[in-house]
Student: 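I have a structure I would like to understand better, so I am pasting it below and will then ask my questions one at a time.
Note on naming: letters A, B, ... go to the chains in the order of the sequence lines (proteins, then strands), and numbering restarts at 1 for each one. Excluded from the calculations below are hydrogen atoms, water molecules and symmetry mates; all remaining heavy atoms, backbone and side chain alike, are included.
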There are 2 protein chains.
Amino acid sequence: MIRNTRQRTAVNAVFDELEGFHSAQEVHARMRAAGDSIGLSTVYRAVQALVEDGELDSIRTDAGEAIYRRCSARHHHHLVCRACGRTEEVEGPTVERWADRVAAEHGFVDVTHSLEIFGTCAACHRAGAPSADRPG
Amino acid sequence: MIRNTRQRTAVNAVFDELEGFHSAQEVHARMRAAGDSIGLSTVYRAVQALVEDGELDSIRTDAGEAIYRRCSARHHHHLVCRACGRTEEVEGPTVERWADRVAAEHGFVDVTHSLEIFGTCAACHRAGAPSADRPG
DNA sequence: GAGCATGTGAGAACTGTTGTCGACTGCGGG
DNA sequence: CCCGCAGTCGACAACAGTTCTCACATGCTC
Ligand SMILES: [Mn+2]
Ligand SMILES: [Mn+2]
Ligand SMILES: [Zn+2]
Ligand SMILES: [Zn+2]
């Protein structure tokens, strides 16, 4: 049975005040800095539970770090600014259909997909953010 | 200046005989098992160089491990069997355009994207492979 | 409140990856 | 040829992110 703890509630609350994606370690550091007493392991367990509950969405950075964000329920993808981390949720029925069709054509079943778009947001571009190269 | 070494050549050759995606560690183990003497660091350096040369394509598993595969030059994506690792390269101009358009609509520039499709291939499905759940 | 399954957290362990550095070697110039 | 040396190798240590361990704490049910 899943129990209601101060820590779990607190981690969940952090994502109410946070835009974009954030790592477990970052959340832990923020909480500690704010005077919240919590262990790193607990933060990891909390974000994992929240992902399973559909409260958070997680993606992986190029560096291999898992980052998390409060997430709306319906299926969507992310448009992430490489410079500031700002994130837009985007939807595209076309893409969904394409992925399913292509998989079906190859005889694949039980199909899922991952899709993220990366770029430099208008604000960062204006501010002269550095551009990275990364083939998709 | 980039030098031609036995090790670099050997790593490159390994991917000629390998279908699907494979990790640096796996490649290292295979080479060692085949009597090839090579260091793990060297394998890492080699696959990284090969990715930069466009010889290999790399994606990241859910577990955060980088895996590599010999890759054709033109831009494409992958349809990967969760059970056996079998991989199909797929292309979709529709998706490319959709990603660019959506990013542009949000004022993003310098846009790239990552897109992978996962499923169970026909052979594995017939063989009764287990199905995983993984939201896209 | 008592009992106990569940959760916590400090620290150790693990995993994939990168850094270090003395030894080695492809390769262009002499 | 062989010299010189920048580029490379590889055993090993270091790192980063994540997970495990286990003694202790604490929600929940009764
Ligand atoms: Mn989708
Ligand atoms: Mn594409
Ligand atoms: Zn930005
Ligand atoms: Zn398969």
Side-chain angles (χ1 to χ4, degrees), chain A residues 1-15 18 20-53 55-69 80 85 116 132 134, chain B residues 1-15 18 20-53 55-69 80 85 114 116 134:
Chain A
M1 180 252 242
I2 278 136
R3 207 179 282 174
N4 236 346
T5 67
R6 171 179 66 80
Q7 293 90 338
R8 225 108 85 173
T9 309
V11 169
N12 197 4
V14 166
F15 283 95
L18 246 37
F21 284 92
H22 304 272
S23 70
Q25 311 226 34
E26 185 191 337
V27 168
H28 179 244
R30 276 174 185 277
M31 297 180 74
R32 281 289 179 91
D36 235 336
S37 159
I38 187 171
L40 180 58
S41 311
T42 302
V43 175
Y44 273 107
R45 284 188 289 242
V47 292
Q48 277 157 13
L50 288 167
V51 167
E52 287 192 3
D53 290 357
E55 288 285 331
L56 297 184
D57 196 20
S58 91
I59 62 178
R60 232 171 233 284
T61 66
D62 269 4
E65 190 178 22
I67 50 180
Y68 305 85
R69 178 184 197 254
V80 185
E116 314 295 335
R134 199 192 151 287
Chain B
M1 180 251 241
I2 279 135
R3 203 180 287 174
N4 238 345
T5 67
R6 170 179 65 79
Q7 292 90 338
R8 224 108 86 174
T9 309
V11 169
N12 197 3
V14 166
F15 283 95
L18 246 37
F21 284 92
H22 304 272
S23 70
Q25 311 225 33
E26 184 191 337
V27 168
H28 179 245
R30 276 173 185 277
M31 296 180 75
R32 282 289 180 90
D36 236 336
S37 158
I38 188 171
L40 179 56
S41 311
T42 303
V43 174
Y44 273 106
R45 285 187 290 243
V47 292
Q48 277 156 14
L50 289 168
V51 166
E52 286 191 4
D53 290 357
E55 289 284 334
L56 297 183
D57 196 20
S58 92
I59 62 177
R60 230 171 236 285
T61 66
D62 269 2
E65 190 177 22
I67 50 180
Y68 306 86
R69 177 184 198 253
V80 185
S114 75
E116 311 297 336
R134 199 189 152 288

Student: Taking only the side-chain nitrogens and oxygens of A/Tyr44, find out if one of them lies under 4.0 Å from OP1 or OP2 of D/dT19.
Tutor: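 Indeed not, no polar side-chain atom of A/Tyr44 lies that close.
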Student: Figure out the CE/C1' separation between A/Met31 and C/dG9, and round it to whole Å.
Tutor: 13 Å
Student: Distance check needed: C/dT17 P versus B/Gln25 CD, whole Å only.
Tutor: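 Rounded to the whole Å, the gap is 6 Å.
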Student: Could you state the atom-to-atom distance from CZ of A/Arg60 to C1' of C/dT15 in whole Å?
Tutor: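 It is 11 Å, rounded to the nearest whole Å.
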Student: Check A/Tyr68 against A/Phe15 and note the closest heavy-atom contact, atom names and distance.
Tutor: O-CE2, 3.3 Å
Student: In the 5'-to-3' direction, what one-character label does each nucleotide of nucleotides 3-12 of chain D receive under the scheme B = base within less than 4.0 Å of a protein heavy atom, S = sugar-phosphate only, - = no such atom?
Tutor: ---BBSBBBB
Student: Which heavy atom in B/Asn12 sits nearest to a heavy atom in B/Glu55, and how many Å separate them?
Tutor: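 Taking every non-hydrogen atom into account, OD1-OE1, 4.2 Å.
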Student: Measure CD/B/Glu26 against P/C/dT17 and give the value in whole Å, please.
Tutor: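 The distance from CD of B/Glu26 to P of C/dT17 comes to 12 Å, rounded to the nearest Å.
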Student: Would you check, one step at a time, whether the test side-chain contact (heavy atoms from CB on, under 4.5 Å) holds for B/Val14 with B/His22?
Tutor: CA-CA 10 Å; B/Val14 166; B/His22 304 272; over 6 Å; no
Student: My understanding is that only residues two or more places apart in sequence, or in another chain, count here; which of them pass side chain to side chain contact (heavy atoms under 4.5 Å, CB included) with A/Gln7?
Tutor: A/Thr5, A/Ile38, A/Thr42
Student: Give me the atom names and distance for the closest heavy-atom approach of A/Arg3 to A/Arg8.
Tutor: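 Heavy atoms only, the tightest pair is O-NH2, 3.3 Å.
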Student: Where do A/Ser37 and A/Arg6 come nearest, in terms of heavy atoms and distance?
Tutor: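 That would be O-NH1, 3.0 Å.
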Student: How many whole angstroms separate atom CD1 of A/Ile67 from atom P of D/dT18?
Tutor: 10 Å
Student: Checking all strands, does B/Ala66 fall into the base, sugar-phosphate, or nothing category for heavy-atom contacts under 4.0 angstrom?
Tutor: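 If one applies the 4.0 Å heavy-atom cut-off, B/Ala66 turns out to touch the sugar-phosphate alone, with no base involved.
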Student: Nearest-Å distance, CD (B/Glu65) to P (D/dT18)?
Tutor: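 Rounded to the whole Å, the gap is 15 Å.
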Student: Base, sugar-phosphate, or nothing: which does B/Gln48 touch, judged by heavy atoms less than 4.0 Å apart?
Tutor: sugar-phosphate
